[in-house]
Enquirer: 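Below is the structure I would like to discuss, written out as structure tokens.
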Amino acid sequence: MEKKLVLIDGNSIAYRAFFALPLLNNDKGVHTNAIYGFTTMLLKILEEEKPTHLLVAFDAGKTTFRHATFTEYKGGRQKTPPELSEQFPFIRDLLDAFGISRYELENYEADDIIGTLSKVADEEGFQVKVISGDKDMTQLASENVTVCITRKGITDMEIYTPEHILEKYGLHPNQIIDMKGLMGDQSDNIPGVPGVGEKTAIKLLKEFETLEGLLSSIDQVSGAKLKDKLSEFKDQAIMSKQLATITREAPVEVVLPAIEYSGYSYEKVKSIFKELGFNSLLEKMEPSGTERQEVELEEIQFEIAKEITEEMLTDNASLYVEILEDNYHLAPILGLAIVNANGKYFFETDIAVHSPLFKEWAEDESKSKIVYDAKGTEVSLRKRDIHLKGIQFDLLVASYLLNPSESLDDISSVARRYNEVNIQSNDEFYGKGAKRSVPGKEEIADHIVRKAIILEKLSGKLEDELKENQQYELFHDLEMPLSLILADMESAGIKVDVGRLKKMNEELAAKLIKLESKIHQLAGEHFNINSPKQLGVILFEKLGLSSGKKTKTGYSTSADVLEKLADDHEIIREILDYRQLGKLQSTYIEGLLKVVHPNTDKVHTRFNQVLAQTGRLSSIDPNLQNIPIRLEEGRKIRQAFIPSEEDWVIFAADYSQIELRVLAHIAKDEKLIQAFKDDLDIHTKTAMEVFHVSADDVTSNMRRHAKAVNFGIVYGISDFGLSQSLNITRREAGLFIERYLESYPGVKHYMEDSVKVAKQQGFVTTILQRRRYLPEITSRNFNIRSFAERTAMNTPIQGSAADIIKKAMIDMADRLQSEKLQSRLLLQVHDELIFEAPKDEIEKLKEIVPDVMENAVELSVPLKVDYSYGPTWFDAK
DNA sequence: GAACGCACGC
DNA sequence: GACGTACGTGCGTTCC
């Protein structure tokens, strides 16, 4: 296993924690904020880094070897507050309880201990992480040494690799000390060269590389004044560099094997948490995860194959590929199992994926396979250059179609539904949360073979059920081929313009800082704007604004509440702006950057095909179905989504009003059907009907109301929901809905009928026989029943729209292939498809895409598709 | 790690 | 008259 050393700058982190958190104290009157913050940081490091070796370094005493050079070193520093000093002994106790090594060295600072140990570890092939609040530490970064500097608070860290430093300063890590030598450091009282700041220092170092190089050729420096300063303060610069240099040769007695970290004893940690009064952390320790469960399952017989032979690779075999992490894009395969008429076999990953025989079988269309999660299996095997063909049955998809409301954590949930209990769930087998672990080879083999056995046992049964339900076509002709198309889309990924995102990030950061200080100034104090709790206090107590609705825990500060207060105080607009930009930064810029593949600059989402109750897809890691579009600033995020090849474009096509068209069709409403046949503006038309006016007399407000009602119909919202979105009373909203239904009697009849059908048969269906069961429709509880009723009306609409676009995706894939086009489908966002395409295929797509999408199914109304394209997703509008 | 409040899309 | 209201995903805060 790879060795990983984490080195923590104890003093620096304690300081950070102390100033980041309010001055908490426990029941014994001891201040605990630094201890508490230190602990949360520590827990986070243990969780995320899983170090094999760990040490916390502290400064020893007041004077160090640096004072011999320069007595004023660190002069002018504020004395450590006594409230912090008193916490250090507890931090030491805490580390002892965790079994973490700590170390301090007379005459040296924590930096030097860390510098020395990181060098040793680096040379011995460790991965090293340095944790500090002091930017000076970045000089230690190297290929194997990453430096994490706390940003804001204590758990938010900025990660410095040599690449990042180069990007940020244009310098190599070892030039950081030269930079310090020139610019000095206020906080350590390092003088540097007067008049030289960060900008100048960087400029000089880019040209002369080192301080020494610079000082030996001062005459080449441009600028007379600068020249003078450099000559005058030459010695001071050299001394400053020395002071800023972390020594990597300190006489540290600690050796690496001595600081190996092997976990902590819960008992010891528990008792110190109790002593400190850290109840929340105490709870956190306890139930976070469950151990692997040892259970008695009925024994199974199988063979652990040392090599792959013909008899293992037959037609009609059950194949299970175990991918441990849920993100299958990069995750390792833990092992594979095949069950067929000849036997039950387990293969270690390498044996299977490197076997030509296995590859040939996997890629043989005529050898049919039964799998669980065709899409994930396909994506994962493709990474290993195996293109799985002949997938005849996917138990996951089948199970979802039979009942979308059953949760599908893993194959065991399907098994249990059919009373197959001879298998553990993944959580039971591997353990849950922090206690998750990978057991021994034999046990893994057993677990995986059991899964393949389930496939073999249940596939026939589910297939029969699908046929009974008239859902086999939906399964075989729609969802199964779709899963492979989604696999293609996910594997292809979409290219991201990282530079653009980073630039946006900087611009946003600047705006946010301004907004933040404006808000603090208007509030008259500093507080965390991102905390609804703190914000509530400021707005509704300090500033005395009238609070609207409440939440479980306090005042609501949601956008709709704040909008109503916008005229009462200047601060409200600023907060709304801050929220908007903050959302863009955290979710869409930083969130996206976190999941960009570093080598390809692509993001590979995962579409969940078996989750949404309506039959829609969802998208995670990243979610590419909720990229901003409504507001211009957010919409710009789309500029960062670009084609993956030179001279290609992004081509986007969306259905116009697909749900309302589907409604017209299902409800057989004459008026609505005619409206679409005449290609009318449906919101205006609705306004005309609801308000009994002619087209010319529809005001923008009427249209807005009509639009909201149409929206409500599509999403199945209640009068309450409509009243919220239009900011009107519930009674008025109810009236609108009533008038709407009078205007479209076919729709009214359909709505009533849907509920009736749902009550009678227990489920509703879509045009392609997707089902949603609604047992709650008979509930005696008004709310629960009403919800089910609205669902009965809405699901056929939304679900049929989902059916249609899925069908279009399949037809589209066929068409792209038959026309031999290179264009690729990348994303689906419920009613739109996004492609990347070579420029010279644009004309062809303009023809094909609307044609395929509009003719995916035949309805009693036409389907209408709009399209657009451009160099980025933003431009395809 | 879990609950919560909030916000983005369709 | 109840009582809490489309679906999804993801972020930051809180926890003493």
Side-chain angles (χ1 to χ4, degrees), chain A residues 21-27 30-33 35-37 39-40 43-44 47 153 155-156 273 276-289 432-434 528-536 551-562 576 579-580 582-588 590-592 594 605 608 611-631 634 637 654-655 658-659 711-725 780-784 786-787 790-791 793-795 797-798 801-802 828-832:
Chain A
L21 296 174
L23 200 57
L24 314 161
N25 50 18
N26 67 7
D27 53 5
V30 182
H31 292 107
T32 55
N33 59 337
I35 314 170
Y36 185 77
T39 312
T40 42
L43 289 169
K44 192 173 162 183
E47 164 77 20
T155 47
D156 183 15
F273 277 5
L276 290 162
F278 289 175
N279 295 323
S280 72
L281 292 179
L282 240 144
E283 273 170 41
K284 189 164 131 182
M285 316 280 312
E286 284 289 0
S288 76
K432 218 175 125 181
N528 186 344
I529 307 165
N530 284 322
S531 161
K533 193 174 159 188
Q534 295 179 32
L535 182 61
T551 64
K552 270 181 217 174
T553 48
Y555 310 106
S556 168
T557 65
S558 62
D560 55 320
V561 171
L562 295 191
L576 287 165
R579 283 245 180 99
Q580 191 204 329
K583 173 79 178 177
L584 290 181
Q585 184 179 48
S586 65
T587 303
Y588 295 107
E590 291 173 346
L592 213 49
K594 264 185 227 160
T605 187
N608 197 335
L611 185 139
Q613 301 298 301
T614 51
R616 277 185 169 186
L617 301 174
S618 72
S619 153
I620 55 168
D621 269 359
N623 181 349
L624 294 178
Q625 293 183 318
N626 72 345
I627 302 301
I629 188 165
R630 245 180 51 251
L631 302 171
I637 300 284
D654 69 295
Y655 282 110
I658 188 167
E659 284 95 351
F711 183 84
I713 296 291
V714 166
Y715 288 122
I717 59 173
S718 56
D719 54 357
F720 178 88
L722 183 62
S723 75
Q724 290 293 300
S725 68
R780 264 114 24 239
N781 179 312
F782 174 85
N783 301 305
I784 293 176
S786 301
F787 184 49
R790 291 205 303 279
T791 309
M793 304 185 244
N794 160 255
T795 295
I797 304 172
Q798 225 189 88
Q828 186 252 47
V829 190
H830 309 309
D831 67 351
E832 65 175 323

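Chain A is the first sequence line, chain B the second, and so forth, proteins listed ahead of strands; every chain is numbered from 1.
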Enquirer: Phosphate oxygens OP1/OP2 of dG4(C): is one of them under 4.0 Å from a side-chain N or O of Gln724(A)?
Expert: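 So the side-chain polar atoms of Gln724(A) never come under 4.0 Å of the phosphate oxygens OP1 or OP2 of dG4(C).
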
Enquirer: Establish, with yes or no, whether the OP1 or OP2 oxygen of dG10(C) is under 4.0 angstrom from a side-chain nitrogen or oxygen of Thr587(A).
Expert: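 Thr587(A) to dG10(C) OP1/OP2: no side-chain N or O under 4.0 Å.
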
Enquirer: Has Ser786(A) got a side-chain N or O lying under 4.0 Å from the OP1 or OP2 atom of dT5(C)?
Expert: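 Negative; the distance criterion is not met.
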
Enquirer: Nearest of dG5(B), dG10(C), dT5(C) to any side-chain atom of Ser718(A)?
Expert: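 Minimum distance to the Ser718(A) side chain belongs to dT5(C).
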
Enquirer: Is there a donor-acceptor contact under 3.5 Å from the side chain of Ser556(A) to the main chain of Thr551(A)?
Expert: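 No; zero donor-acceptor contacts below 3.5 Å.
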
Enquirer: Taking CZ from Arg579(A) and C1' from dT13(C), how many angstroms apart are they, rounded to a whole number?
Expert: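 Value for this atom pair: 12 Å.
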
Enquirer: Is there a side-chain contact between Lys583(A) and the phosphate of dC8(B), meaning an N or O under 4.0 Å from OP1 or OP2?
Expert: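 Answer is no, no contact under 4.0 Å.
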
Enquirer: For dG4(C) and dC10(B), measure between their C1' atoms and round to the nearest Å.
Expert: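 Between the two C1' atoms, the distance is 22 Å.
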
Enquirer: Would one find a side-chain N or O of Lys533(A) under 4.0 angstrom from OP1 or OP2 of dC15(C)?
Expert: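 Answer is yes, contact under 4.0 Å.
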
Enquirer: Check this one for me: any side-chain N or O of Ser531(A) less than 4.0 Å away from OP1 or OP2 of dT14(C)?
Expert: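 Yes.
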
Enquirer: Please give the distance between the P atoms of dT5(C) and dG5(B) as a whole number of Å.
Expert: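 Looking at atom P only, dT5(C) and dG5(B) are 11 Å apart.
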
Enquirer: OP1 or OP2 of dT13(C) versus the side-chain N and O atoms of Asn528(A): is any pair under 4.0 Å?
Expert: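 For Asn528(A), the contact criterion (side-chain N or O under 4.0 Å from OP1 or OP2 of dT13(C)) is met.
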
Enquirer: Check for a donor-acceptor pair, side chain of Arg616(A) on one end and backbone N or O of Ala802(A) on the other, with a separation under 3.5 Å.
Expert: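 Not a single qualifying donor-acceptor pair exists.
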
Enquirer: Please check the phosphate of dG5(B) (OP1 and OP2 only) for any side-chain N or O of Thr553(A) closer than 4.0 Å.
Expert: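 Answer yes for this pair, as a side-chain N or O of Thr553(A) is under 4.0 Å from OP1 or OP2.
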
Enquirer: Respond yes when some side-chain nitrogen or oxygen of Ser618(A) is under 4.0 Å from OP1 or OP2 of dT9(C), and no when none is.
Expert: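 Yes, because at least one side-chain N or O of Ser618(A) sits under 4.0 Å from OP1 or OP2 of dT9(C).
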
Enquirer: Quick one, Arg579(A) and Leu562(A) - any side-chain contact, counting heavy atoms below 4.5 Å?
Expert: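 Counting from C-beta outward, Arg579(A) and Leu562(A) do come under 4.5 Å.
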
Enquirer: For dG5(B), which nucleotide is its Watson-Crick or G-U wobble mate, given both distances must be under 3.5 Å?
Expert: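 Matched dG5(B) with dC11(C) under the 3.5 Å cut-off.
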
Enquirer: If I take atom NZ in residue Lys594(A) and atom C1' in nucleotide dG12(C), what distance separates them, rounded to the nearest angstrom?
Expert: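 Atom NZ in Lys594(A) sits about 10 Å away from atom C1' in dG12(C).
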
Enquirer: Asn33(A) CG to dT14(C) C1': how many Å, rounded?
Expert: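 Asn33(A) atom CG is separated from dT14(C) atom C1' by 16 Å.
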
Enquirer: Within this structure, what is the CG-to-C1' distance between Leu592(A) and dC8(B), rounded to whole angstrom?
Expert: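 Roughly 13 Å, once rounded to whole Å.
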
Enquirer: Quick one: are Tyr588(A) and Pro628(A) in side-chain contact, heavy atoms under 4.5 Å?
Expert: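 In short, these two side chains touch, coming nearer than 4.5 Å.
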
Enquirer: Just N and O in the side chain of Ser556(A): are any of them under 4.0 Å from OP1 or OP2 of dC6(B)?
Expert: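 So the side chain of Ser556(A) is within the cut-off, an N or O lying under 4.0 Å from OP1 or OP2 of dC6(B).
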
Enquirer: Quickly work out the Phe787(A) CZ to dT5(C) P distance and round it to whole Å.
Expert: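 Result: 9 Å.
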
Enquirer: Rounded to the nearest angstrom, tell me the gap between atom CD in Gln534(A) and atom P in dG5(B).
Expert: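 The answer, rounded to whole Å, is 16 Å.
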
Enquirer: Just N and O in the side chain of Arg630(A): are any of them under 4.0 Å from OP1 or OP2 of dG9(B)?
Expert: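 So the side chain of Arg630(A) is within the cut-off, an N or O lying under 4.0 Å from OP1 or OP2 of dG9(B).
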
Enquirer: Using atom CE of Met793(A) as one end and atom P of dA6(C) as the other, report the distance to the nearest whole Å.
Expert: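 Interatomic distance, CE of Met793(A) to P of dA6(C): 13 Å.
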
Enquirer: Whole-Å distance between dT5(C) P and Gln613(A) CD?
Expert: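 After rounding, the gap between these two atoms is 17 Å.
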
Enquirer: Does dC3(C) have a Watson-Crick or wobble mate here (both distances under 3.5 Å), and if so which one?
Expert: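 No nucleotide pairs with dC3(C).
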
Enquirer: For dC8(B), is there a stacking contact with Tyr588(A), counting only centres under 5.5 Å and planes under 30°?
Expert: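 No, Tyr588(A) does not stack on the base of dC8(B).
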
Enquirer: Nearest to the side chain of Phe720(A) - dC10(B), dT5(C), dG5(B)?
Expert: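 My answer, after comparing the listed nucleotides, is dT5(C).
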
